[in-house]
Undergrad: 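Please read through the structure below; I'll follow up with questions.
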Amino acid sequence: RRNRIAQIYEAELGDAMGIRLQQLPSDVYSGRKDFAILLDTDHGVSRECIEDALAEEGVETRRYFDPPLHEQRLYRQFYEPQREPLTETMRASRDVICLPIHRGVTERDAERIASVVGKAAVPVTVQA
């Protein structure tokens, strides 16, 4: 069931501007515990905007990798920013959002969720 929901998200969001989906090799099977999307926040796609739009529709999302492990109190002492800036970790922490992919999500729900995400993910342009 989760793979079917993931197929719907991929079909609906695969060409959406400002969104990157996880790419699985064709010979890999996944149980699809999560469905994470990476937002292009550097070009105006707002995670908060997507979260708010989905919340208005009663859809709960999750921020995974936020805060990143090296910023959590237990591990902070081991991080040396001058040695390892962890740029990609920080990007994932800032720009990843997980869409619902549990047994309660119907195919129709997935289509509606993807539609809301696609509309909310339109990059903001600044008028000159």
Side-chain angles (χ1 to χ4, degrees):
R1 176 154 187 81
R2 290 175 189 242
N3 277 290
R4 177 63 187 130
I5 300 305
Q7 288 172 345
I8 293 169
Y9 287 152
E10 289 167 349
E12 298 292 325
L13 297 172
D15 294 329
M17 185 186 309
I19 295 176
R20 280 189 21 210
L21 305 176
Q22 182 180 10
Q23 301 296 311
L24 298 176
S26 60
D27 62 340
V28 170
Y29 176 81
S30 171
R32 299 290 191 159
K33 176 190 162 293
D34 304 305
F35 192 89
I37 59 176
L38 178 63
L39 304 173
D40 188 359
T41 57
D42 291 336
H43 291 92
V45 176
S46 165
R47 178 168 67 178
E48 289 75 17
C49 183
I50 291 174
E51 289 171 327
D52 292 347
L54 287 169
E56 285 180 25
E57 296 290 322
V59 177
E60 184 179 328
T61 57
R62 293 184 186 248
R63 292 181 175 193
Y64 278 23
F65 318 115
D66 186 21
L69 192 63
H70 70 280
E71 289 185 353
Q72 294 178 23
R73 186 174 32 170
L74 180 62
Y75 299 102
R76 209 175 292 149
Q77 63 184 320
F78 302 110
Y79 176 54
E80 298 176 27
Q82 67 280 5
R83 194 173 74 118
E84 299 178 72
L86 302 179
T87 307
E88 291 303 312
T89 299
M90 295 306 296
R91 180 166 186 228
S93 174
R94 182 188 70 225
D95 301 344
V96 167
I97 186 172
C98 288
L99 303 180
I101 189 164
H102 53 79
R103 66 182 177 161
V105 178
T106 66
E107 291 183 18
R108 186 172 178 188
D109 292 336
E111 291 167 355
R112 180 176 57 90
I113 291 166
S115 176
V116 171
V117 170
K119 289 176 187 170
V122 174
V124 177
T125 57
V126 178
Q127 299 284 333

Undergrad: Assigning hydrophobic clusters by single linkage (Ile, Leu, Val, Met, Phe, Trp, Tyr; side-chain heavy-atom cutoff under 4.5 Å), is Leu86 placed with Phe65?
TA: no

Undergrad: Please say yes or no: joined through hydrophobic side-chain contacts below 4.5 Å, possibly via intermediate residues, are Val59 and Ile19 part of one cluster?
TA: yes

Undergrad: Taking atom CD of Glu60 as the centre, does the number of heavy atoms from other residues, nucleotides or ligands within less than 6.0 Å exceed 12?
TA: no

Undergrad: Report yes or no: does Tyr79 contribute a side-chain atom to a donor-acceptor pair with the main-chain N or O of Leu69 at less than 3.5 Å?
TA: no

Undergrad: Show me the pairs that pass salt bridge (Lys or Arg N to Asp or Glu O under 4.0 Å) and involve residues 4-16, at least two apart or across chains.
TA: Arg4-Glu107, Glu10-Arg32

Undergrad: So which atom in Ala121 and which in Val45 form the shortest heavy-atom distance, rounded to 0.1 Å?
TA: O-CG2, 3.1 Å

Undergrad: Look up atom CG in Leu54 and atom CZ in Arg112, then write down how far apart they are to the nearest 0.5 Å.
TA: 8.5 Å

Undergrad: Check the pair Leu39, Ile50 against side-chain contact (heavy atoms from CB on, under 4.5 Å), reporting the backbone distance first and the verdict last.
TA: CA-CA 10 Å; Leu39 304 173; Ile50 291 174; 3.6 Å; yes

Undergrad: Between the side chain of Asn3 and the main-chain N/O of Ser30, is any donor-acceptor distance below 3.5 Å?
TA: yes

Undergrad: Any heavy-atom pair between the side chains of Tyr9 and Pro100 that's under 4.5 Å?
TA: yes

Undergrad: Locate the shortest heavy-atom distance separating Val105 from Ala110; write the atom from each residue and the value.
TA: CG1-N, 4.0 Å

Undergrad: For the backbone of Thr41 and the side chain of Arg47, can you confirm whether one donor and one acceptor N or O come within less than 3.5 Å of each other?
TA: no

Undergrad: Among the clusters formed by ILVMFWY side chains lying less than 4.5 Å apart, do Ile5 and Ile97 turn up in the same one?
TA: yes

Undergrad: Do Leu21 and Phe35 have side chains that approach each other closer than 4.5 Å (heavy atoms only, starting at C-beta)?
TA: yes

Undergrad: Answer yes or no: is there a side-chain heavy-atom contact under 4.5 Å between Asp34 and Arg62?
TA: no

Undergrad: Would you list the pairs meeting salt bridge (Lys or Arg N to Asp or Glu O under 4.0 Å) in which at least one residue belongs to residues 85-100, sequence neighbours left out?
TA: Asp42-Arg94, Arg91-Asp95

Undergrad: Quick check against the 3.5 Å criterion: does Arg2 have a side-chain atom that pairs as donor or acceptor with the backbone of Ile101?
TA: yes

Undergrad: Could you check whether any side-chain N or O of Arg63 sits under 3.5 Å from a backbone N or O of Cys98, counting only pairs where one atom can act as donor and the other as acceptor?
TA: no

Undergrad: Please step through side-chain contact (heavy atoms from CB on, under 4.5 Å) for the pair Val117 and Leu99, ending with a clear verdict.
TA: CA-CA 9 Å; Val117 170; Leu99 303 180; 3.9 Å; yes

Undergrad: After noting the C-alpha distance and the side-chain angles of Lys33 and His102, does the key distance pass the side-chain contact (heavy atoms from CB on, under 4.5 Å) rule?
TA: CA-CA 8 Å; Lys33 176 190 162 293; His102 53 79; over 6 Å; no

Undergrad: Are side-chain heavy atoms of Glu71 and Asp66 found at a separation under 4.5 Å?
TA: no

Undergrad: side-chain contact (heavy atoms from CB on, under 4.5 Å), that's the test. Do Arg76 and Leu74 meet it? Break it down for me.
TA: CA-CA 6 Å; Arg76 209 175 292 149; Leu74 180 62; over 6 Å; no

Undergrad: Hey, is the main chain of Phe78 close enough, under 3.5 Å, to the side chain of Glu80 for a donor-acceptor pair?
TA: no

Undergrad: Inspect the surroundings of OH in Tyr64 and state if more than 12 heavy atoms from other residues, nucleotides or ligands are less than 6.0 Å away.
TA: yes

